[in-house]
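So the structure is just underneath, and the comments pick up after that.
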Amino acid sequence: MDLSYGEENESYRKDVREFLKVAWNPASVEKPAMKAYIAGFREKATGKGYLYRAIPREFGGSQQPVDVLKAQVIREEFARARAPMEVGGNGMNMVVPTLLERGTQEQKEQFIRKTMSGEYIWGQGYSEPGSGSDLASVRTKAVLDGDKWVINGQKIWTSQGMDATHMFMLARTEADAPKHAGITYLLLSLDHPGVTRQPIKQITGGATFCEFFFEDVTTPVAWQIGDRGDGWNVSKTTLKHERASIGSADMLGHQFAQLVKLAKETQRNGQPAIKDPLVRDALVRIEGWVLAHRYSSYRLFSHAAAGDPPPSVGLMMKLLLTEIGHDIALTAEDMIGDEAMLEPAPPGTRGRGPEKWLDQIMGSLGNSIAGGTTNIQRNIIGERGLGLPRDPAMGA
Amino acid sequence: MDLSYGEENESYRKDVREFLKVAWNPASVEKPAMKAYIAGFREKATGKGYLYRAIPREFGGSQQPVDVLKAQVIREEFARARAPMEVGGNGMNMVVPTLLERGTQEQKEQFIRKTMSGEYIWGQGYSEPGSGSDLASVRTKAVLDGDKWVINGQKIWTSQGMDATHMFMLARTEADAPKHAGITYLLLSLDHPGVTRQPIKQITGGATFCEFFFEDVTTPVAWQIGDRGDGWNVSKTTLKHERASIGSADMLGHQFAQLVKLAKETQRNGQPAIKDPLVRDALVRIEGWVLAHRYSSYRLFSHAAAGDPPPSVGLMMKLLLTEIGHDIALTAEDMIGDEAMLEPAPPGTRGRGPEKWLDQIMGSLGNSIAGGTTNIQRNIIGERGLGLPRDPAMGA
Amino acid sequence: MRFHLSEEQGAIQDAIRGTLADSLPSEKLHKLIDGEAEFDRESWDALMALGLGGLMLPEQYGGSDLGLLDAALSAEVGGEGAVSGPLIGQIATGLAIAESDDDDAKSAWLPKLATGDAVATLAFGRDWLPESWDVSAVGNRVSGSVRFVQAATMADVYLVGLAGGKLALVEAGEHVEVQPLESFDRTRRQSTVIFNSAPATLLSADSGRIFDVALILAAADALGGAQKALDMTVAYAKEREQFGQPIGQFQALKHQIAQMALEVEPARALVWYAAYAFDKGLDDARRAAAIANAHLSDRFVSIGRAAVAAHGGIGYTWEYDLSIWFRRSIYSRAYLGGPAVHRERAAQLANW
Amino acid sequence: MRFHLSEEQGAIQDAIRGTLADSLPSEKLHKLIDGEAEFDRESWDALMALGLGGLMLPEQYGGSDLGLLDAALSAEVGGEGAVSGPLIGQIATGLAIAESDDDDAKSAWLPKLATGDAVATLAFGRDWLPESWDVSAVGNRVSGSVRFVQAATMADVYLVGLAGGKLALVEAGEHVEVQPLESFDRTRRQSTVIFNSAPATLLSADSGRIFDVALILAAADALGGAQKALDMTVAYAKEREQFGQPIGQFQALKHQIAQMALEVEPARALVWYAAYAFDKGLDDARRAAAIANAHLSDRFVSIGRAAVAAHGGIGYTWEYDLSIWFRRSIYSRAYLGGPAVHRERAAQLANW
């Protein structure tokens with residue numbers, strides 16, 4: 001085993017670093033010009049093959065061969081230089097991969113560039129009130145009217161919903177077809193008078209999700225991805241991408257480091273909390289899990305780099321992350337003591353004290369809900385990972 | 001609220017104590033005469049209404065009105081004097097209540113006195129290899145031959161099986177009837193050449209259960225309890241008794257006291273383990289559960305004393321006991337350290353050291369298996385206790 | 001021997017429950033948490049009209065002369081209904097005065113506390129435990145700063161913890177400065193209160209006993225909150241369908257909810273016993289209070305999290321009522337000191 | 001960059017797995033645990049014939065010159081197969097000699113340890129950690145008593161921990177008295193060994209390093225044991241039917257088994273990393289060893305219990321194989337010091 005990246009990649013790292021030194025100098029740019037500067041920087045970085053690597057040149061990408069080690073080097077160096085990576089969000093993570101796999105040439109040309117530039121921001125239109133994990137129970141209807149779909153219904157839990165300009169959606173188009181067969185995958189513009197959107201305030205007090213209402217909203221048939229009635233299958237491609245993008249050993253490592261910092265800075269019985277045997281034991285106990293997660297990420301990464309299929313631990317990373325986040329939250333809650341009675345000021349605000357951990361405490365709960373609930377993940381581990389028999393009650 | 005027993009019962013307590021002072025003097029008895037002495041004592045105690053209170057006089061009981069407070073006073077005083085209570089085991093707990101409710105006059109006369117005297121020792125013949133929690137999946141067959149049932153099959157997990165003289169059993173008598181309707185409840189003598197018994201050695205190294213094989217074993221039709229094919233219902237009465245008899249706050253309290261004692265006697269880092277903050281925290285954490293269990297027992301007891309139906313917490317006591325036992329076991333395991341590497345000498349042996357906790361560690365596991373597995377109990381709490389919808393896959 | 005509630009006790013709980021349902025329904029709770037008011041006066045007054053302020057006070061001052069058990073049963077329903085207003089402070093302050101030997105203070109305050117004409121709140125300070133209190137007294141004047149004082153802007157009187165573990169009564173007024181804090185539990189707003197040489201009445205009551213009262217009432221409040229979160233979860237699991245069946249039929253969720261019940265229902269008798277032991281003056285009363293408080297604090301937080309998880313997305317929204325109890329659970333765990341603190345106290349009380 | 005096993009490493013694991021399946025099948029394991037023999041010589045010899053004794057030894061002494069990672073992969077399969085015989089002792093003793101500067105000792109012992117002609121075992125003493133060792137040395141003679149020495153009656157040589165944290169080699173003989181203890185894990189029998197002024201060879205190897213090797217190999221053994229208990233549970237849940245369906249289809253049990261997998265599979269990379277860090281001499285190697293050992297000790301015990309519970313009655317019987325791994329899990333947790341000890345060490349190593 002070898003955790004170094006090898007000579008070739010270290011030399012590549014030098015190139016990236018050299019490029020960044022020249023191309024990324026935000027301190028030299030006035031605030032109003034920053035947006036254009038970043039766009040220009042991204043274009044240059046794409047030209048070098050550092051960004052949009054999976055996207056064909058004809059649609060504005062750099063069309064690089066798959067190389068997870070080089071990709072990792074790029075991520076590390078961009079992070080080091082605090083340089084912007086690709087435009088994020090649902091558009092790049094879900095719509096573009098779907099378009100590349102299932103879209104027509106026209107669709108690819110129409111949508112990919114504008115998504116990459118951040119001009120189109122995509123909301124996800126899967127969940128509906130009452131659907132929960134049963135995403136196939138779509139009730140939002142789309143009816144064909146000439147060359148247009150006319151959409152009526154409601155979608156919920158759309159992340160970045162207030163900023164979204166467009167939506168990718170599952171709509172029921174065939175009333176009489178079986179549950180999974182009656183769904184079509186549609187793109188639509190949210191700039192339509194029949195669209196109403198409403199932020200969903202969360203338990204944290206913030207609003208990161210939206211609810212959408214559609215009243216006779218139209219979208220061209222040409223914006224339909226894949227065949228009519230085949231939307232469930234089209235969407236499955238997408239969901240896989242989302243699942244792969246959630247876990248992150250670095251994020252967890254940072255969280256754990258913050259917890260240790262909290263333990264050092266918190267006074268308890270006249271000494272730093274980290275001197276308390278209960279705290280020390282709890283911290284190392286958690287660290288065992290954090291490191292198991294981290295080295296399992298290395299393992300997955302190593303498989304991907306070698307082009308090998310992922311080991312079963314890949315199915316467990318999200319749940320593992322959720323459970324470790326839960327432990328970190330409870331340990332922090334113990335440590336912050338009375339400060340848990342204070343409402344934390346919003347992230348980014350100055351003077352946030354130990355009570356900011358309440359964000360993490362609530363966030364660790366949100367994790368268990370977002371991207372498939374923990375019970376669904378346990379089903380997947382049991383059935384796909386261990387080969388236990390499928391529960392027929394959970395649908396096809 | 002009032003945890004005292006009241007004047008009347010305290011005066012009753014004096015009577016019991018007085019009786020014991022006179023009637024129970026085992027020190028005065030030679031060892032060979034002890035058995036007869038105990039039998040005589042029990043007879044006297046029954047005469048005073050202290051023992052076999054639920055059993056009619058005509059079958060040898062003392063036929064007392066239900067009075068859980070007096071019964072508790074009797075238990076406490078007998079325990080204090082270390083005097084023998086009723087003969088225990090499946091016979092008194094399961095067979096006699098079933099006979100009283102479903103037996104014929106002849107059956108009652110034939111079996112109850114001999115069970116009370118300990119002449120008949122009853123093994124339970126419910127579980128079969130592979131049946132697990134699905135007790136209605138009985139495959140042991142009984143076929144009618146004149147006035148006899150001829151039994152062929154196998155039973156397992158019979159407690160006290162090596163000592164048993166008789167068995168109460170579920171046997172499949174109607175091959176074509178639906179699963180639950182084809183079962184008959186039979187009594188039989190184990191003194192039959194077709195009966196083979198075999199102890200089941202447990203993970204502990206000891207053997208408290210037996211497996212039985214039946215080859216053309218016969219029992220009179222007159223020994224059948226209830227109607228042919230109604231055995232499932234007959235057995236349900238019995239099972240209720242078993243479930244009510246498992247939990248015990250006193251046993252748990254004793255176990256916890258032993259754990260505290262262990263913490264006081266174990267040295268760790270040059271001081272008693274009970275001075276270690278980790279140990280102190282763990283102990284009080286467990287004590288919270290132990291006391292919740294204890295006071296809930298009081299609550300159940302109080303309801304029973306008032307003749308009120310039991311509150312829903314009654315459904316939770318067994319699972320609670322299992323989970324607390326698990327916590328105690330793990331805490332003890334931490335405390336005994338290296339001694340966990342030693343095989344504990346059998347209970348009752350002199351010189352048992354801290355490694356005797358391994359018995360408790362294994363026993364806490366056995367608890368989660370005996371008397372319905374924990375998952376079955378969670379179903380019961382969810383469905384009967386909280387009214388959640390029944391899972392059709394779990395059978396009728 | 002009796003260790004279950006009397007019919008009357010059940011009826012009182014039902015009356016409080018009904019009063020809270022009428023005077024503090026979901027809409028009003030949401031108005032409260034979204035607004036600026038420190039507590040909801042109408043529901044508070046309705047509870048006071050039921051006599052909750054005077055439950056443990058002598059009849060001669062308008063009280064009902066009942067025990068802590070009855071007060072705990074009320075606090076439990078308060079927790080169930082997310083009571084706003086300092087119910088624990090009102091009861092504990094009244095008792096502190098009643099158990100002192102100052103007849104003037106009794107006459108001055110008890111009738112008003114019993115009717116609710118005066119609002120009382122706790123200002124214990126530092127690390128909650130009497131031995132950590134640090135407001136200083138010089139003669140009849142007290143000075144110092146106390147964080148986490150509930151309903152401080154609307155309180156008429158503060159029960160202040162003094163250095164040395166004594167209690168004093170301080171009336172709101174010019175020598176008392178109130179600096180509101182943001183509260184994580186928006187049904188229980190709080191402030192830092194600064195006493196600037198404020199005139200005070202020193203009380204002779206045993207502060208350890210009063211602290212135990214607060215601990216037990218807080219445990220009862222947590223029990224009620226946990227029960228509410230469980231009830232909401234059970235109701236949701238019965239109603240909500242997925243994959244064509246109520247989600248409560250899925251074994252995994254059913255068992256998770258059963259485990260929640262296993263945390264709540266047995267804990268009820270633990271709270272009863274702690275209150276009973278206090279009322280009877282049993283030897284283990286102080287330990288029982290510490291253990292009950294620590295246990296219920298942990299249970300409520302655990303149930304709060306489990307309830308949100310069982311609900312999925314809807315449980316994570318601000319508008320759904322559960323968020324109110326989730327936030328109460330986190331707040332409750334810290335209030336009066338965290339569970340680890342009280343467990344260590346219990347260990348010390350056992351001479352471990 | 002590569003952080004998964006090579007094909008060759010996989011093949012070696014398969015070879016050991018196959019060898020153990022042949023030489024130490026279930027029937028022989030049961031014979032072993034029901035009998036008096038200290039370990040099963042046939043399967044031990046088969047493992048030695050595969051070269052397990054010499055994995056980390058220099059080629060010039062008949063070893064394979066491989067790293068701790070390869071040794072850990074072997075120990076993992078050993079744990080899976082409930083290896084009897086002191087595999088950890090054999091490897092650690094060999095390395096202690098190889099890392100010392102005593103060529104005579106190397107020539108005398110390494111070839112025999114590599115082939116298995118000599119059996120070596122650990123006699124560390126007191127509380128396992130080098131700073132607690134208490135066998136005393138006077139010149140070349142050592143005296144003292146050490147509990148929990150595996151395979152002591154069949155060992156040819158003991159790696160003894162001396163007061164002051166040094167290591168010595170003691171050959172079995174008249175100055176070494178062996179008093180068998182009853183072992184909870186019957187596949188790993190143990191004794192108290194008393195050294196009565198026994199002739200010893202003092203070793204210059206870094207005892208902390210050798211202790212880390214033992215910790216990591218023990219963690220790997222626990223990983224293998226946990227995997228075995230999980231595998232048995234999965235197989236049982238697929239086969240066994242109740243209420244007309246395989247019990248693994250019931251969601252509650254399915255999720256319990258999924259949670260077991262969540263304990264086992266991610267821990268694998270933790271063990272790999274600890275061995276890798278040792279082999280590369282990374283700064284965090286010692287902490288990684290402590291954390292991996294503590295984590296795996298806890299996981300194995302947790303999996304052992306969960307596996308028995310998932311099996312129901314059959315899992316609780318002596319005759320069913322699971323009992324062997326259950327007992328190994330309890331034993332493993334204590335061996336070389338419990339998890340709390342190693343967690344505290346990890347905290348100290350981080351300067352917390």
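Proteins come first, then strands; the chains are lettered A, B, ... in the order of their sequence lines, and each starts at number 1.
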- Task: Identify which of C:R299, C:R268, C:M260 forms the greatest number of heavy-atom pairs closer than 4.5 Å to chain B.
- Result: C:R299
- With chain C, which of B:Q72, B:K264, B:R299, B:R285 has the greatest number of heavy-atom pairs at distances under 4.5 Å? B:R299
- Please tell me if the side chains of C:Y273 and B:R294 come closer than 4.5 Å, counting only heavy atoms from C-beta onward. no
- Query: For C:R343 and B:E287, what are the C-alpha separation, side-chain angles and deciding distance, and is it a salt bridge (Lys or Arg N to Asp or Glu O under 4.0 Å)?
  - Reply: CA-CA 10 Å; C:R343 281 196 290 267; B:E287 195 177 2; over 6 Å; no
- Is a side-chain donor or acceptor of B:K275 paired with a backbone partner of C:W352 at a separation under 3.5 angstrom? yes
- Message: Check the orientation of B:Y295 and C:F3. Use parallel for under 30°, tilted for 30 to 60°, and perpendicular for over 60°.
- Response: tilted
- Task: Keeping the roles fixed (side chain from B:Y298, backbone from C:A269), state whether a donor-acceptor pair exists under 3.5 Å.
- Result: no
- Query: Under 4.5 Å between any side-chain heavy atoms of B:E383 and C:K254, yes or no?
  - Reply: yes
- Query: Does a side-chain heavy-atom distance below 4.5 Å link C:M1 with B:D2?
  - Reply: no
- Count the heavy-atom pairs under 4.5 Å between each of C:G248, C:P266, C:A258 and chain B, then report the option with the highest count. C:P266
- Query: Within a reach of under 6.0 Å around CG of B:D308, are more than 12 heavy atoms found that belong to other residues, nucleotides or ligands?
  - Reply: yes
- Is chain C contacted by the side chain of B:L291, its backbone, both, or neither, given a heavy-atom distance below 4.5 Å? both
- Query: Can B:R378 and C:Q259 be counted as having a side-chain donor-acceptor contact under 3.5 angstrom?
  - Reply: yes
- So which of B:P389, B:P277, B:P272 has the biggest tally of heavy-atom pairs under 4.5 Å with chain C? B:P389
